[in-house]
Amino acid sequence: MTVRTRFAPSPTGFMHVGNLRTALYAWLWAKKNDGVFMLRIEDTDQARYVEGAIETAYQTLRAAGLNWDEGPDVGGDYGPYIQSERKDMYLPYAKKLVELGRAYYCFCTKEELDQKRAEVESAGGTYKYDKHCASLSEEEVQKRLASGESYVIRLNVPESGKADFDDAIFGHIEVDCAELDDMILIKADGMPTYNFANVIDDHTMGITHVLRGMEYLSSTPKYNLIYEAYGWEKPVYVHLTTIMRDATHKLSKRDGDATFEDLMNSGFLPEAVINYLALVGWSPGNDREFFTLDELKEAFSLEGLSKSPAIFDSAKLRWMNAEYIRKLSPEAYIGYAMPYLEKAGVAGMDRDILCRILQPRTEVFSDIGANVDFLAAFDENYDIELFTNKKSKTNPEICRAILGDVIPKLKAFPEWSETGLHDFLMNYAAEHELKNGTLLWPVRIAMSGRAVTPGGAIEIAALLGREEALKRLEKGLEKLSNA
RNA sequence: GGCCCCUUGGUCAAGCGGUCUAAGACACCGCCCUUUCACGGCGGUAACAGGAGUUCGAGUCUCCUAGGGGUCACCA
């Protein structure tokens, strides 16, 4: 039997990383089994529809490499793939349930119900629908229906007995029917509720494995009452734990946690994000941490899924992203970095040197700017105390002497290239019996005005070019002389 | 509050009754390399929530307690 999984987002906003991970696992499970991964849009709540949300889902999935075999845009044999377009198929199924005596028409208005609920809750109780309409006579129901009275259809949950199901991760889950409310299947607007549409769709679309968030775990026994009423075979349920921001809060866009889109915009590589996400809540069972999508497909298993929620660790994501960046070819690195280099105004400088000094220092591409901006825009108002460095044995006086002596020689030095400068400065230090650091420290500080820079004095000098480098060195000497 | 689920270092996690004086990774700390910072190399600190059982033996099984999460909508 072909494995069919689905990712079923509701178009109500952003794709946060938790959603993406759910999609990833569903994709992985389908692909691992040479099955079908389907995309279905659950838009039964018209009030919450957010413009552009479907596009965001498409883009995110595509950027992450999770292609879908069936979906609204690519079609398939089980369409339509948008619930609102399947609208007409739910009511007949609900009516069938009414015929079977497993559901009933309910004419209670939302207002009446809200009031009852408020009463019960203010008295400290737990509200549950009182089955008021379950005992309406057939005649009365028909009469009220004919008169055009607004209605909903509710599931008729047995008053005793158990409802249960088996979860691939959590095992057997069972609850007393007495705990369950008669949930609404068809809303007054004629649309199915999520719960009902979900069951009907998963069945009619041939879904074999339902991978979804933990929040559905406790309502799943109730869904199974529907499967049982129809005599349908149940899918394998796989409830995924929540990704948390900290021990007590789940990740949420509303609280400022990053969406996949945010991560892309700040210079994370999709491969790194996917790799990291795969490991939040799943383990291959061994030490391995680096996986391409294809490798994940091979390694993925339901057994490796975790039962407890995991905290999203952005420090580890950054580390992993940095690892991916370091593995990039120089050409690929420059390709990704270019927009940031341009923004920093250094795109015209020697790319070979830029790549060499930046690649091992880039955790996310967006931190390139702050690293290299001094190359394009020099702030000469740096603190003269930067010339003091214990390890390099420098202080402003020593630096003034060194710069005063070396600048004229540098001016006269013909070969302003990285190797030329390297040989020249190293020889200079040796001849004057200076530690390399003692010579290079003032040179680097004067050219950058920064205590910390990517690359050293030689790379910076080469990047800046003779004229600019000399100008900055002279400025440094001037500052030191006036001090 | 009722019901359901979860609980190994700060974080992700391995472990599926003996090989656990508990792996690996991130983070943190130290040392080395070094032209600052990073990279890289080496080393270190740090955990089975608590309590009862079961068993010759428990991180691994059972129960209780505590803590956390989820769910109780004409939202998905």
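Below, chain A is the first sequence line, B the second, and so on; all start at residue 1.
- The salt bridge (Lys or Arg N to Asp or Glu O under 4.0 Å) pairs that include a residue from residues 433-444 of chain A number zero, where partners must be two or more places apart or lie in different chains.
- Straight-line distance from the OH atom of A/Tyr276 to the C1' atom of B/A27: 12 Å, rounded to whole Å.
- With a 3.5 Å ceiling on both atom-pair distances, the Watson-Crick or G-U wobble partner of B/G30 is B/C42.
- For the C1' atoms, the distance from B/C16 to B/A23 is 15 Å, rounded to whole Å.
- Computed from coordinates, the A/Asp313 CG to B/C28 P distance equals 11 Å when rounded to whole Å.
- In terms of position on RNA chain B, the residue among A/Ala315 and A/Pro284 whose nearest nucleotide sits closer to the 5' end is A/Pro284.
- For the ring-ring contact (aromatic ring centres under 6.0 Å, His included) test, residues two or more places apart in sequence or in another chain that qualify with A/Trp319 are A/Phe290.
- Among the atoms of the strands shown, base atoms are found under 4.0 Å from some heavy atom of A/Tyr216.
- For residues 179-198 of chain A, the salt bridge (Lys or Arg N to Asp or Glu O under 4.0 Å) pairs, not counting sequence neighbours, are A/Lys131-A/Asp182.
- Salt-bridge check for A/Asp350 with A/Arg356: failed, with every basic side-chain N at 4.0 Å or more from each acidic carboxylate O.
- If you check every strand for non-hydrogen atoms under 4.0 Å, A/Cys177 touches nothing.
- Distance, A/Glu149 CD to B/C74 P: 17 Å, rounded to whole Å.
- To the nearest whole angstrom, the two P atoms, one in B/C56 and one in B/C48, are 27 Å apart.
- Atoms CG (A/Asp181) and C1' (B/C74) sit 12 Å apart, rounded to a whole Å.
- Summarising the geometry, the separation between NZ on A/Lys222 and P on B/A76 is reported as 13 Å, rounded to the nearest angstrom.
- At a threshold of 4.0 angstrom between heavy atoms, the contacts of A/Val152 include nucleobase atoms, whether or not backbone atoms are also involved.
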Give me, pair by pair, the N or O atoms of the protein and of nucleotides 38-47 of chain B that are less than 3.5 Å apart, along with how far apart they are.
unit_1: B/A38; atom_1: O2'; unit_2: A/Pro360; atom_2: O; d: 3.2

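- For the P atoms, the distance linking B/G67 with B/G24 amounts to 34 Å, nearest Å.
- Residue-level contact check: A/Ala457 touches the bases, meaning some heavy atom is under 4.0 Å from a base atom.
- Note on A/Glu323 versus A/Arg326: salt bridge recorded, some NZ/NE/NH1/NH2 to OD/OE distance being below 4.0 Å.
- Residues satisfying the side-chain contact (heavy atoms from CB on, under 4.5 Å) criterion with A/Asp43, sequence neighbours excluded, are A/Pro11, A/Ile41, A/Ile82, A/Gln83, A/Ser84.
- In summary, the aromatic rings of A/Tyr276 and A/Phe312 are positioned with their centroids under 6.0 Å apart.
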Name the pairs: protein N/O against N/O of nucleotides 2-8 of chain B, kept only if under 3.5 Å.
unit_1: B/G2; atom_1: O2'; unit_2: A/Glu179; atom_2: OE1; d: 3.3
unit_1: B/C6; atom_1: OP1; unit_2: A/Lys307; atom_2: NZ; d: 3.3

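- A/Thr12 comes within 4.0 angstrom of nothing in the nucleic acid, heavy atoms only.
- Applying the ring-ring contact (aromatic ring centres under 6.0 Å, His included) criterion to A/Tyr333, with sequence neighbours excluded, gives A/Phe365.
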Just the atom pairs and distances: protein N or O near nucleotides 59-66 of chain B's N or O, under 3.5 Å.
none

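- Base contact: A/Ala188 has a heavy atom under 4.0 Å from a base atom.
- The CD-P distance, from A/Glu459 to B/U36, rounds to 11 Å in whole Å.
- Taking the C1' atom of each, B/G10 and B/A49 are spaced 16 Å apart, rounded to whole Å.
- A/Lys391 comes within 4.0 angstrom of a base, heavy atoms only.
- Residues satisfying the ring-ring contact (aromatic ring centres under 6.0 Å, His included) criterion with A/Phe374, sequence neighbours excluded, are absent altogether.
- Salt bridge A/Lys316/A/Glu289: present, at least one basic N to carboxylate O contact under 4.0 Å.
- Under the Watson-Crick and G-U wobble criteria, each requiring two contacts below 3.5 Å, nucleotide B/A73 is left unpaired.
- The aromatic rings of A/Phe378 and A/Tyr382 sit tilted, their planes meeting at an angle between 30° and 60°.
- Comparing the same atom, P, in B/C20 and in B/G59 gives a spacing of 13 Å after rounding to whole Å.
- For the ring-ring contact (aromatic ring centres under 6.0 Å, His included) test, no residue two or more places apart in sequence or in another chain qualifies with A/Phe170.
- One atom, CE of A/Met320, and another, P of B/G24, lie 17 Å apart when rounded to the nearest Å.
- In this structure, A/His239 and A/Phe165 have perpendicular ring planes: the angle between them is above 60°, well past the 30° mark.
- Across the interface with RNA chain B, nearest-nucleotide mapping of A/Arg117 and A/Gly304 shows A/Gly304 to be the residue nearer the 5′ end.
- Under the side-chain contact (heavy atoms from CB on, under 4.5 Å) criterion, A/Asp202 pairs with A/Arg6, A/Arg40, A/Asn198, A/Ile207, A/Val210, A/Tyr227, not counting sequence neighbours.
- Annotation: proximity of residues 420-455 of chain A to RNA chain B (heavy atom, distance under 4.0 Å) is found for A/Met426, A/Asn436, A/Gly437, A/Leu440, A/Trp441, A/Arg444, A/Ala451, A/Val452, A/Thr453, A/Gly455, numbered in ascending order.
- Base pairing of B/A14 is not made with any nucleotide, judged by Watson-Crick or G-U wobble geometry with both donor-acceptor distances under 3.5 Å.
- Among the protein residues, A/Asp43 comes within range of no part of the nucleic acid, since none of its heavy atoms lies under 4.0 Å from any strand.
- Distances shown here put every side-chain N or O of A/Lys390 at or beyond 4.0 Å from the OP1 or OP2 atom of B/U36.
- Residues A/Phe424 and A/Trp416 keep their aromatic ring centres 6.0 Å or farther apart.
- One atom, CE of A/Met191, and another, C1' of B/C75, lie 13 Å apart when rounded to the nearest Å.
- Heavy atoms of A/Ile458 sit under 4.0 angstrom from at least one base atom.
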